[in-house]
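Report on the following structure.
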Amino acid sequence: MTRLFNDPAAFADEALEGFTAAHRRWVRPVTGGVVRATATPAGQVAVVIGGGSGHYPAFSGLVGRGLAHGAAVGNVFASPSARQIHSVATAAHGGGGVLLMYGNYAGDVLHFGQAAERLAADGIETRTFAVADDISSAGPDESAKRRGIAGDLPVFKAAAAAAEQGLPLEEVLRVAERAGVRTRSFGIAFSGCTLPGADHPLFTVPEARMAVGLGIHGEPGIGEEALPTADEAALLLVETLLKELPDDVADPAGRRAAVILNGLGSVKYEELFVVYRKVAALLGDAGVEIVDPEVGELVTSFDMAGISLTLTWLDDRLEELWRAPADTPAYRKGALGDPEPDRDRAAATAAGQDTAAAQDTAVSDAAASGTTAVPVASDASRRAAGTVLAALDAVARVVDAHAGELGRIDAVAGDGDHGIGMRRGSSAAHRAAHDAHRVGAGAGTVLTRAADDWADKAGGTSGALWGTILRSLGTALGDRDAPDAARVAEGVTEASAAVRRLGGAEVGDKTMVDVLVPFADALAAATAEGLPLAEAWDRAATTATAAAAGTADLLPRRGRARPHAEKSLGTPDAGAHSLALITRAVHGALLDHH
Ligand SMILES: Nc1ncnc2c1ncn2[C@@H]1O[C@H](COP(=O)(O)OP(=O)(O)O)[C@@H](O)[C@H]1O
Ligand SMILES: O=C(COP(=O)(O)O)[C@@H](O)CO
């Protein structure tokens with residue numbers, strides 16, 4: 001149970017505020033997360049990590065010398081937005097380029113990828129690397145689909161230590177790749193976590209049973225077995241990992257490995273030590289030499305009861321990097337000596353002059369007060385903007401009314417945060433649209449402003465995809481003339497294509513694409529017949545509702561639900577369902593504004 005919170009929607013922001021207040025020796029806050037309190041030495045590659053909140057010490061607790069230069073911190077169980085990542089990376093950049101590192105989740109991949117493009121456009125050389133160590137989440141033939149769990153730490157650390165040694169960006173990336181392919185994790189769980197504000201855990205495991213193959217977002221395991229003794233748990237973890245060795249490790253005997261026994265949140269240290277006692281003995285029996293083991297909480301999931309074992313198979317180079325000193329709020333190793341305080345930045349921060357943060361704040365404050373200049377729009381487009389605003393109001397209201405239901409559907413095989421993310425995104429989009437409309441924006445600009453704020457405030461997979469949908473529509477509608485039904489249909493078709501390009505999903509994968517494509521097709525067909533917009537939209541929304549219901553019969557092939565495919569049979573996809581609800585609500589707004 002997560003007991004101590006104020007407004008659940010503010011939990012991640014308030015936790016970050018308290019974290020930075022408690023750790024000023026190591027970190028300073030910037031828009032979107034934290035960077036080291038000391039400046040990145042000139043020319044050094046900056047390793048910027050990130051992910052959702054709820055996993056402490058991942059990700060903010062791993063910022064400091066010898067480890068990350070900055071961390072972008074998202075909402076609970078949702079990736080940070082591209083704008084947050086861009087802001088943190090800009091603040092961390094020391095002239096040597098940036099390596100963005102994160103766990104392999106759809107939301108992170110989308111947002112870090114977009115941030116990399118923006119950094120490159122700013123002239124900052126940037127590479128990305130997604131950690132994919134969890135062997136339970138996909139088979140060896142699909143290892144690129146695996147999610148990142150406690151293996152984040154050794155892979156981040158290898159790359160960061162290489163950066164600290166002054167290696168150029170391409171070599172730091174190669175180190176990350178080498179550590180990545182040699183890092184494997186596997187876990188078990190006894191109960192799921194309870195998100196702030198929720199009254200029950202994301203999943204439960206029957207008494208005297210355990211879930212095998214856990215995720216770090218309360219995703220249930222891929223199997224279930226009888227509750228083991230500590231020694232039996234150790235045996236399962238070690239045997240499973242020794243069965244899947246990296247290609248160039250034919251035999252564990254005589255090999256060295258970094259070992260992490262990770263607690264997910266409510267398994268206590270003594271329990272971990274009892275398990276580790278046997279892990280060490282079993283690895284010893286297999287001839288594995290353990291190097292600098294870690295036993296403790298390194299990647300958590302609130303109060304989830306579970307443990308995971310991670311092995312990184314070392315070579316001389318990876319061992320040197322694993323043993324290298326580090327000094328962060330949550331991870332310290334060896335001795336680095338006292339750092340020179342970052343006087344310039346400390347003074348600037350105190351005076352409220354932190355450049356990246358100050359610029360971002362200025363932009364968002366201006367946007368919030370509606371003072372940002374908007375492009376000139378025709379009267380007709382400004383009138384259409386009124387309809388767009390009403391539609392976005394309807395979107396925010398329908399999402400708010402169904403947020404709990406969306407969370408429950410998402411929790412069946414995902415991480416339960418779809419309602420939270422959609423609520424944050426849709427309300428931010430409505431606010432941005434309102435501000436833009438107030439200062440005379442046309443329909444296109446109202447939609448693109450709403451798009452940016454949806455993606456930024458929601459983060460996560462759906463934040464990136466909804467940002468893309470609204471932006472595509474905004475681009476199609478423009479600010480010049482009154483958009484007719486055919487133009488709206490073209491915009492929806494473009495949005496459908498853009499979501500498929502960005503997320504890579506196709507019809508049948510059990511995602512929102514299963515609704516977006518038939519909705520776009522039905523709208524295009526109805527407008528081609530000459531139906532007025534509200535009527536055409538009504539017909540297409542009916543198609544969308546049926547398509548969303550149809551996703552209950554599908555097995556997910558993408559996103560977080562994929563490893564738990566069977567569990568999701570009989571339940572529609574959360575993103576498909578929310579999209580169908582939204583199309584119906586928008587129809588109401590179109591009728592009212594007819
Ligand atoms: N690759 C993808 N392409 C299109 N939609 C996707 C993709 N991956 C996931 N989704 C949609 O996103 C929804 C989940 O949104 P959200 O809860 O924000 O995601 P997460 O917490 O997994 O980041 C899914 O129900 C699905 O409809
Ligand atoms: O959940 C996380 C990010 O993945 P999404 O796909 O955005 O949900 C996060 O907690 C790990 O980075």
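As the structure is a prediction and not an experimental result, all values here were calculated from the model. Atoms within a ligand are numbered from 1 in the order they appear, just like the ligands themselves.
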Considering only heavy atoms of [X], which atoms of ligand 2 have at least one such atom less than 4.0 Å away?
{"X": "F77", "value": "1 (O), 2 (C), 8 (O), 10 (O)"}
{"X": "D108", "value": "2 (C), 3 (C), 4 (O), 9 (C), 11 (C), 12 (O)"}
{"X": "G51", "value": "12 (O)"}
{"X": "G52", "value": "9 (C), 10 (O), 11 (C), 12 (O)"}

Relative to the heavy atoms of G575, which atoms of ligand 1 are at a distance of less than 4.0 Å? 24 (C), 25 (O), 27 (O)
Which distance, rounded to the nearest 0.5 Å, do you find between the CD1 of I149 and the CG of N104? 12.0 Å
dist K157:NZ -> Y331:OH (nearest 0.5 Å) comes out at 5.0 Å
Check for me whether the distance between the ring centres of H69 and H93 falls short of 6.0 Å. no
Structural part of H111 in contact with ligand 2, heavy atom criterion under 4.0 angstrom: neither
ring-ring contact (aromatic ring centres under 6.0 Å, His included) between Y105 and F77, intermediate numbers included: CA-CA 10 Å; Y105 297 94; F77 290 177; 9.6 Å; no
Tell me which one of [options] gets a heavy atom nearest to [atom].
{"atom": "atom 11 (C) of ligand 1", "options": "D514, L406, T511", "answer": "T511"}
{"atom": "atom 17 (O) of ligand 1", "options": "D417, V499, V76, V109", "answer": "D417"}
{"atom": "atom 6 (C) of ligand 1", "options": "D573, L465, V515, L110", "answer": "L465"}
{"atom": "atom 18 (O) of ligand 1", "options": "A548, S462, G419", "answer": "S462"}

Please check whether [X] reaches ligand 1 - meaning an N/O of the residue sits under 3.5 Å from an N/O of the ligand, judged on distance alone.
{"X": "F77", "answer": "no"}
{"X": "K510", "answer": "no"}
{"X": "G503", "answer": "yes"}

Below 4.0 Å from any atom of ligand 2, is there a heavy atom belonging to A106? yes
Would you say the side-chain atoms of H86 and R83 include a donor-acceptor pair closer than 3.5 Å? no
T312 and R184: side chain to side chain donor-acceptor pair (under 3.5 Å), yes or no, with the steps? CA-CA 7 Å; T312 299; R184 310 275 155 93; over 6 Å; no
